[in-house]
J.: 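Before I ask anything, let me first share the structure, which is written out below as structure tokens.
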Amino acid sequence: LRFIEYSFSASIMLISIALLNGVTDINLITSIGVLTSACQLCGLAVEYIDDRRIKWLMHITGWLQFCWAYGIIGHAFFKSIDAANDSSGVGPPSFVYVIVVALFLLYASFGFVQLAELITDVKPTIKEKSYVILSLTAKLLLGWMIFSNVLILGN
């Protein structure tokens, strides 16, 4: 059930990050949602498939989907920085870069948990605790990011 829930919540969260980073094209937003959902479903498949080669194939496919979705976000982020630098000569403050990189690493860490599971024998309780902590942290950080943008735009 974890990956089914993640296929919805992670898609919504990456779409939110995309919107905050200036992605406005509906086709790109839809692509981010579909890629993220498919990535989570690859993670689900890894949990149930016994063949190690197919597990690795699904894991790598999930990484490809995740990186492509985040690549769309990164492209929009750097494009907006270039536009800001061209128009006013002032880019975003340093903490914005930190937040964007931190969110990327936080989302990537879900894949690293599964990678650890593929490489070594991870106890199911440790794996589940890791996923829960990562999920709560990612949602909390994204919530604060959205909240701070509302406060900034409100002023």
Side-chain angles (χ1 to χ4, degrees), residues 1-81 92-150:
L1 288 177
R2 169 179 20 94
F3 282 105
I4 301 295
E5 184 270 328
Y6 286 168
S7 72
F8 291 105
S9 65
S11 296
I12 291 168
M13 292 173 72
L14 248 61
I15 288 169
S16 299
I17 293 169
L19 291 169
L20 289 171
N21 281 290
V23 178
T24 56
D25 184 323
I26 190 67
N27 296 310
L28 292 176
I29 292 169
T30 303
S31 296
I32 290 168
V34 170
L35 284 165
T36 305
S37 184
C39 173
Q40 299 305 318
L41 296 175
C42 283
L44 173 67
V46 170
E47 297 279 323
Y48 287 100
I49 294 172
D50 291 328
D51 187 335
R52 293 210 43 89
R53 291 176 301 166
I54 296 176
K55 279 183 180 255
W56 277 100
L57 177 64
M58 295 306 293
H59 182 77
I60 291 167
T61 302
W63 274 107
L64 177 65
Q65 294 162 336
F66 166 75
C67 289
W68 199 268
Y70 229 99
I72 295 169
I73 295 168
H75 179 264
F77 176 69
F78 289 111
K79 188 175 172 183
S80 68
I81 290 171
S94 298
F95 74 89
V96 173
Y97 292 97
V98 172
I99 290 172
V100 170
V101 171
L103 281 170
F104 172 78
L105 292 174
L106 191 58
Y107 277 94
S109 60
F110 285 89
F112 291 130
V113 170
Q114 189 169 71
L115 180 63
E117 180 185 2
L118 288 171
I119 293 172
T120 65
D121 188 31
V122 177
K123 292 181 183 177
T125 54
I126 291 174
K127 178 181 72 170
E128 293 302 320
K129 286 178 185 176
S130 299
Y131 282 130
V132 168
I133 290 168
L134 289 171
S135 181
L136 289 172
T137 305
K139 289 172 183 166
L140 181 65
L141 184 58
L142 180 61
W144 277 106
M145 190 170 141
I146 292 171
F147 182 66
S148 65
N149 271 293
V150 169

J.: Please name the pair of heavy atoms, one in G43 and one in Q114, separated by the smallest distance, quoted to 0.1 Å.
T.: O-NE2, 3.1 Å

J.: Name every donor-acceptor pair, under 3.5 Å, that has one atom in a side chain of residues 18-25 and the other anywhere in the protein, sequence neighbours excluded.
T.:
| unit_1 | atom_1 | unit_2 | atom_2 | d |
| --- | --- | --- | --- | --- |
| N21 | ND2 | I17 | O | 2.8 |
| D25 | OD1 | N27 | N | 2.7 |
| D25 | OD1 | N27 | ND2 | 3.4 |

J.: Within this structure, what is the CG-CE distance for the pair L141 and M13, rounded to the nearest 0.5 Å?
T.: 8.5 Å

J.: Hey, could you give me the SG/CD1 distance between C67 and I72, rounded to the nearest 0.5 Å?
T.: 12.0 Å

J.: Per the ring pair (Phe, Tyr, Trp, His ring centres under 6.0 Å) rule, what does the pair list look like for residues 110-130, sequence neighbours excluded?
T.: Y6-F110, W63-F112

J.: Starting at NZ of K55, measure out to CG of D50 and round the result to the nearest 0.5 Å.
T.: 6.5 Å

J.: To the nearest 0.5 Å, what is the distance between CD1 (I54) and CD1 (I49)?
T.: 6.0 Å

J.: Output all residues satisfying side chain to side chain donor-acceptor pair (under 3.5 Å) with T61, sequence neighbours left out; order by chain, then residue number.
T.: none

J.: For W56 and L115: C-alpha separation, side-chain torsions, deciding distance, then whether side-chain contact (heavy atoms from CB on, under 4.5 Å) applies.
T.: CA-CA 9 Å; W56 277 100; L115 180 63; 3.5 Å; yes

J.: Are C39 and L35 close enough, and set up right, to give a side-chain contact (heavy atoms from CB on, under 4.5 Å), and what steps lead you there?
T.: CA-CA 6 Å; C39 173; L35 284 165; over 6 Å; no

J.: For K127, which residues count as a side chain to side chain donor-acceptor pair (under 3.5 Å) partner, sequence neighbours excluded?
T.: E47, E117

J.: Restricting to side chain to side chain donor-acceptor pair (under 3.5 Å), what partner residues turn up for S135, sequence neighbours left out?
T.: K139

J.: My understanding is that only residues two or more places apart in sequence, or in another chain, count here; which of them pass side chain to side chain contact (heavy atoms under 4.5 Å, CB included) with S16?
T.: I12, L142, I146

J.: List the residues meeting salt bridge (charged side-chain N to carboxylate O under 4.0 Å, His left out) with D51, not counting sequence neighbours, and say none if there are none.
T.: R53

J.: State which residues pass salt bridge (charged side-chain N to carboxylate O under 4.0 Å, His left out) with R52; sequence neighbours excluded, sorted by chain then number.
T.: none

J.: Check for a donor-acceptor pair, side chain of S11 on one end and backbone N or O of G33 on the other, with a separation under 3.5 Å.
T.: yes

J.: Could you work out, with side chain to side chain contact (heavy atoms under 4.5 Å, CB included) as the rule, every residue matching T137, not counting sequence neighbours?
T.: L106, I133

J.: Who passes side chain to side chain contact (heavy atoms under 4.5 Å, CB included) against F104, sequence neighbours left out?
T.: F66, Y70

J.: Who are the ring pair (Phe, Tyr, Trp, His ring centres under 6.0 Å) partners of F8, not counting sequence neighbours?
T.: none

J.: Out of curiosity, S37 OG to I32 CD1, how far, rounded to the nearest 0.5 Å?
T.: 13.5 Å

J.: Rounded to the nearest 0.5 Å, how far does CD1 of I26 lie from OG of S31?
T.: 9.5 Å

J.: With sequence neighbours left out, write down each residue that passes side chain to side chain contact (heavy atoms under 4.5 Å, CB included) with K129, or none if nothing qualifies.
T.: none

J.: Measure across C42 and Q65 and return the closest heavy-atom pair with its distance rounded to 0.1 Å.
T.: SG-OE1, 3.6 Å

